[in-house]
Amino acid sequence: MTSQSDKAATERTVFLLAHTGRPAAIRSAELVVQGLLRSGLGVRVLAAEAADLPLPPSVELIPEATPEALDGCELLIVLGGDGTLLRGAEFARASGVPMLGVNLGRVGFLAEAERDDLDKVVDRVVTRAYEVEERMTLDVRVRNNGAVVHADWALNEAAVQKVSPERMLEVVLEIDGRPVSGFGCDGIVCATPTGSTAYAFSAGGPVVWPEVEALLMVPISAHALFAKPLVTSPNSVLAVEVQPHTPHGVLWCDGRRTIELPAGARVEVRRGAVPVRLARLHHASFTDRLVAKFALPVSGWRGAPH
């Protein structure tokens, strides 16, 4: 295999990210790489993943997963489950390169294709038969004693959760600078429409179509009469204040990055300045995707009269 400096420039290059801990991902990566190389496209992979993949010498190895690693790439193809797709989303957001996800896990709402679609994926990439859409993200700030002590982002959700299983987290919710309600709970999920089918869905939140611009705030196991999921303007600022007398909590962004929240901390969530760009292969409606992913029963549907 050649290093980045030794490899001659290729007119079109695709970056491949895979969950190499899965045999299915290894075989899928091999098929995708072979198909792209046969069509004259260059392929890059992380050196750490290349050790587990049967790759030809023409594949370009990248030592670190930095945004610069995608310089000159037209697409990031990600093979794996939800965790791998979210890892790819971090990569894609930082670089601005569109991500094309192939689901090798269970639900995989971020994925555009399934394992059986690999030939079609390669063909669509080679012929540039795909479109790119932008998905809203979240910018997240943690304040303590008024000062910003942590900044992060999320594609799906920012979740404030309790740490101690035997004690609730006491919080006060705020929207656009005004208090809404306070209660004890297991946590609060602040989500994008993309994240409405992830953690927010499991917590009882609504399913929001991706083209709807909105922010969601979903309580988890709240001890209160009014603790309903809230859907706000995309320009709203959501805040979760951890009460000073409660045990400390923890903030999770997309279930991947975490920071401890001391009692009295404040988490502010607003629409992200930088979206994640997703490559789309087809125009199937989100309704059809929802039915397929959750195997929803639709027998007996007759459709609108003509």
- Val218 and Tyr199: CA distance, side-chain angles, deciding distance, side-chain contact (heavy atoms from CB on, under 4.5 Å) verdict: CA-CA 9 Å; Val218 183; Tyr199 195 178; over 6 Å; no

When Glu133, Glu131, Glu211 are each screened for salt bridge (charged side-chain N to carboxylate O under 4.0 Å, His left out) with Arg280, the one that passes is Glu133

Closest heavy-atom pair, Asp254 versus Arg257, reported as atoms and distance to 0.1 Å, is OD2-NH2, 4.3 Å

Heavy atoms of Pro244 and Ala263 approach each other most closely as O-CB, 3.3 Å

Taking atom CZ of Phe91 as the centre, does the number of heavy atoms from other residues, nucleotides or ligands within less than 6.0 Å exceed 12?
-> yes

Q: Side-chain contact test, heavy atoms from C-beta onward, threshold under 4.5 Å: evaluate it for Val142 versus Asn144 and give yes or no.
A: no

>> Quick check: do Val242 and His248 have side-chain heavy atoms less than 4.5 Å from each other?
In response: no

(message) Could you see if Val240 belongs to whatever hydrophobic cluster contains Ile259? Use Ile, Leu, Val, Met, Phe, Trp, Tyr and a side-chain cutoff under 4.5 Å.
(response) yes

query: Between the side chain of Ser39 and the main-chain N/O of Leu41, is any donor-acceptor distance below 3.5 Å?
result: no

Exam field: side chain Arg44 to backbone Ala69, donor-acceptor pair closer than 3.5 Å: yes

Report task. Taking atom CZ of Arg143 as the centre, report whether more than 12 heavy atoms of other residues, nucleotides or ligands fall under 6.0 Å from it. Result -> yes

Under 6.0 Å between ring centres: does that hold for Phe201 and Phe294? yes

side-chain contact (heavy atoms from CB on, under 4.5 Å) with Arg115: of Val121, Leu104, Leu79, only one passes, and it is Leu104

- Do Leu290 and Trp301 belong to the same hydrophobic cluster, where Ile, Leu, Val, Met, Phe, Trp and Tyr are linked whenever their side-chain heavy atoms lie under 4.5 Å apart, directly or via other members? no

Quick check: do Phe286 and Val207 have side-chain heavy atoms less than 4.5 Å from each other? yes

From the list Leu16, Leu31, Leu75, Ile77, side-chain contact (heavy atoms from CB on, under 4.5 Å) partner of Leu36 resolves to Ile77

Does Ala25 offer a backbone N or O that forms a donor-acceptor pair with the side chain of Ser28 under 3.5 Å?
no

Of all heavy-atom pairs linking Ala94 and Pro67, the shortest is CB-CG, 3.5 Å

ask   = Hey, is Glu30 close enough to Arg27 for a salt bridge, meaning N to O under 4.0 Å?
value = yes

Taken to the nearest 0.5 Å, the spacing of Arg270 CZ from Asp176 CG works out to 10.0 Å

| After noting the C-alpha distance and the side-chain angles of Thr194 and Leu110, does the key distance pass the side-chain contact (heavy atoms from CB on, under 4.5 Å) rule? | CA-CA 8 Å; Thr194 299; Leu110 285 176; 3.6 Å; yes

query: Any side-chain heavy atom of Trp252 sitting closer than 4.5 Å to one from Glu157?
result: no

* Linking I/L/V/M/F/W/Y whenever their side-chain heavy atoms sit closer than 4.5 Å, directly or via other members, would Phe15 and Leu86 fall into one cluster? -> yes

Smallest heavy-atom separation, Thr246 atom then Met168 atom, equals OG1-O, 3.4 Å

Are the side chain of Lys120 and the backbone N or O of Asp123 linked by a donor-acceptor pair below 3.5 Å? no

Arg289 side chain vs Glu112 backbone, donor-acceptor pair below 3.5 Å
no

Do Val140 and Val250 land in one hydrophobic cluster if side-chain heavy atoms of ILVMFWY residues count as linked below 4.5 Å? no

- Query: Just by distance, do the side chain of Asp139 and the backbone of Ala273 share a donor-acceptor pair under 3.5 Å?
  - Reply: yes

According to a 4.5 Å side-chain heavy-atom criterion applied to Ile, Leu, Val, Met, Phe, Trp and Tyr, with indirect links allowed, do Val59 and Val126 form part of one hydrophobic cluster?
yes

task = Please assess Phe109 against Asn156 for the test side-chain contact (heavy atoms from CB on, under 4.5 Å), listing each intermediate value before the final yes or no.
result = CA-CA 11 Å; Phe109 263 97; Asn156 278 344; over 6 Å; no

Taken in chain and number order and not counting sequence neighbours, the residues that satisfy ring-ring contact (aromatic ring centres under 6.0 Å, His included) with Tyr130 are none

With the side chain counted from C-beta on, respond yes when Pro210 and Arg135 share a heavy-atom pair under 4.5 Å apart, and no when they do not.
-> yes

>> Any side-chain to backbone donor/acceptor pair from Thr192 onto Leu155? Under 3.5 Å, distance only.
In response: yes

Pro54 and Ile26 have their tightest heavy-atom pair at CD-CG2, 3.7 Å

ask   = Between the main-chain N or O of Ala239 and the side-chain N or O of Glu174, is there a donor-acceptor pair closer than 3.5 Å?
value = no

* To do: Determine whether Leu216 and Pro206 make a side-chain contact, defined as any pair of heavy atoms from C-beta on separated by less than 4.5 Å.
  => yes

### Query
Is it true that a side-chain atom of Thr137 and a backbone atom of Val274 form a donor plus acceptor pair closer than 3.5 Å?
yes

- Glu114 and Lys293 ion-paired at < 4.0 Å: yes

Could you check whether atom CG of Leu225 has more than 12 heavy atoms from other residues, nucleotides or ligands sitting under 6.0 Å from it?
no

(Q) When you compare the side chain of Ile220 with that of Val189, does any pair of heavy atoms fall below 4.5 Å? (A) yes

Nearest heavy-atom contact between Ala214 and Pro193 is O-CD, 3.2 Å

Taken to the nearest 0.5 Å, the spacing of Arg266 CZ from Arg141 CZ works out to 12.0 Å

Check the surroundings of atom CG in Asn145: do more than 12 heavy atoms from other residues, nucleotides or ligands lie under 6.0 Å from it? no

Less than 4.5 Å apart, any side-chain heavy atom of Arg93 and any of Met99? no

### From CA spacing to verdict: side-chain contact (heavy atoms from CB on, under 4.5 Å), Leu215, Val269
CA-CA 9 Å; Leu215 298 176; Val269 178; 5.5 Å; no

